[in-house]
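Down below is the structure, laid out as structure tokens.
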Amino acid sequence: MNIESELKALLQRREPPPGFADRVLARLEARHRRILPRALAAAALVLVILGGWGVGETLHARNELRLAMRITAAKVAQAQQQVRSVSR
Amino acid sequence: MATPEVLPDDPLERAQLGDHDAFAALISGHQSIVFSIAWNFFGNRDRAEEIAQEVFLQLFRNLRNIESRQHLLFWLRQVTTRKCIDESRRKVPPSIDIMDAEIGVAAVVPDPFLRRRVRRLIDDLPPLQRLVLTLRYQEDLGPGDIGEIVGMPLNSVKSCLHRALLSLRRDLGETV
């Protein structure tokens with residue numbers, strides 16, 4: 001017996017059951033159907049987070065501006081006082 | 001005036017551009033390779049179909065990385081063999097389906113007793129030997145190509161093949 005020819009015969013290529021490609025495409029479609037709502041939900045979440053971050057950034061900038069204006073006002077008042085004391 | 005879009009002739013290129021019919025053609029053209037590697041490894045049709053489907057789903061996600069038809073062939077063989085090995089580590093060994101074993105080979109191996117005996121002996125081989133035998137005799141690949149697919153040095157492939165054949169010859173020598 002020639003084992004190699006037996007193996008070639010036994011291990012030959014064979015076709016899968018009919019409709020194989022359709023079954024793969026159906027799984028692909030089902031996967032896309034599952035992924036799409038998740039992707040939309042994720043995109044919405046990102047928008048909310050970015051929006052929140054934007055609002056947070058604006059508030060932070062406003063507070064920094066207020067602080068800077070207060071410091072400037074204090075410095076101006078201090079300078080005015082020094083000018084007054086010198087002129088007296 | 002808008003120029004009409006010209007699609008490439010190659011199904012691989014068309015599939016890469018998002019043409020689902022071309023992807024279906026790619027599946028049909030390569031399904032026997034992928035299915036048979038899994039079938040010859042597990043000896044079970046349902047399991048082979050499951051593995052083959054997963055390979056093509058993975059191909060769809062990786063279509064952009066496929067550079068040529070040769071690369072596609074290499075990629076399919078490599079991913080299928082890796083999935084077979086991973087799957088064999090994860091699950092309990094499959095029971096051999098005798099009906100499955102007879103599909104498609106009755107015409108070329110006329111003795112059903114011998115056919116079942118050889119099939120059982122192949123299924124009893126260690127996974128790597130079974131895989132190397134499959135790539136050698138199903139895909140008609142040389143040890144160098146098998147080494148690239150399985151990720152083994154040439155001499156290890158040769159020795160693996162030699163041990164598998166020796167084991168089969170020894171076991172069959174007792175009965176044939």
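- Residues of residues 53-68 of chain B having a heavy atom under 4.5 Å from any heavy atom of chain A, listed by number: Gln53(B), Glu54(B), Phe56(B), Leu57(B), Phe60(B), Arg61(B).
- Rounded to the nearest 0.5 angstrom, Ile3(A) CD1 and Leu172(B) CG are separated by 4.5 Å.
- Taking the side chain as every heavy atom from C-beta outward, Arg136(B) and Leu7(A) never approach each other to under 4.5 Å.
- When hydrophobic clusters are built by joining Ile, Leu, Val, Met, Phe, Trp and Tyr residues whose side-chain heavy atoms come closer than 4.5 Å, directly or via intermediates, Leu73(B) is grouped together with Val150(B).
- The backbone N or O of Arg14(A) lies less than 3.5 Å from a partner atom in the side chain of Ser36(B), making a donor-acceptor pair.
- When heavy atoms are compared at a cutoff of 4.5 Å, Tyr137(B) approaches chain A by way of both its backbone and its side chain.
- Applying the side-chain hydrogen bond (donor to acceptor under 3.5 Å, both in side chains) test to residues at least two apart or on different chains, the pairs with a partner in residues 155-165 of chain B are Ser159(B)-Arg163(B).
- The environment of CD in Glu57(A) is crowded: more than 12 heavy-atom neighbours from other residues, nucleotides or ligands sit within 6.0 Å.
- No hydrogens or angles considered: nothing links the side chains of Gln12(A) and Gln138(B) as a donor-acceptor pair under 3.5 Å.
- The CZ atom of Arg13(A) sits 8.0 Å away from the CD1 atom of Ile37(B) when rounded to the nearest 0.5 Å.
- Crowding of Gln80(A) atom CD: a count of heavy atoms from other residues, nucleotides or ligands under 6.0 Å exceeding 12.
- Of the atoms belonging to Ile122(B), it is side-chain heavy atoms, and not backbone ones, that fall under 4.5 Å from chain A.
- Taking every heavy atom of both residues into account, Val118(B) and Leu10(A) meet most closely at CG1-CD2, 3.3 Å.
- By the 4.5 Å heavy-atom criterion applied to side chains, Arg119(B) and Leu11(A) are counted as neighbours.
- Annotation: residues 139-147 of chain B contacts chain A through Glu139(B), Asp140(B) [non-hydrogen atoms, separation under 4.5 Å].
- Taking non-hydrogen atoms and a 4.5 Å limit, the residue list of residues 18-28 of chain A in contact with chain B, ordered by number, reads Phe20(A), Ala21(A), Arg23(A), Val24(A), Leu25(A), Arg27(A), Leu28(A).
- Of the two parts of Leu133(B), the backbone and the side chain both hold a non-hydrogen atom closer than 4.5 Å to a non-hydrogen atom of chain A.
- Among Leu168(B), Thr134(B), Leu26(B), Ile33(B), the residue making the largest number of heavy-atom pairs under 4.5 Å with chain A is Ile33(B).
- Within the 4.5 Å cutoff, the side chain of Pro16(A) has no heavy atoms near those of the Trp39(B) side chain.
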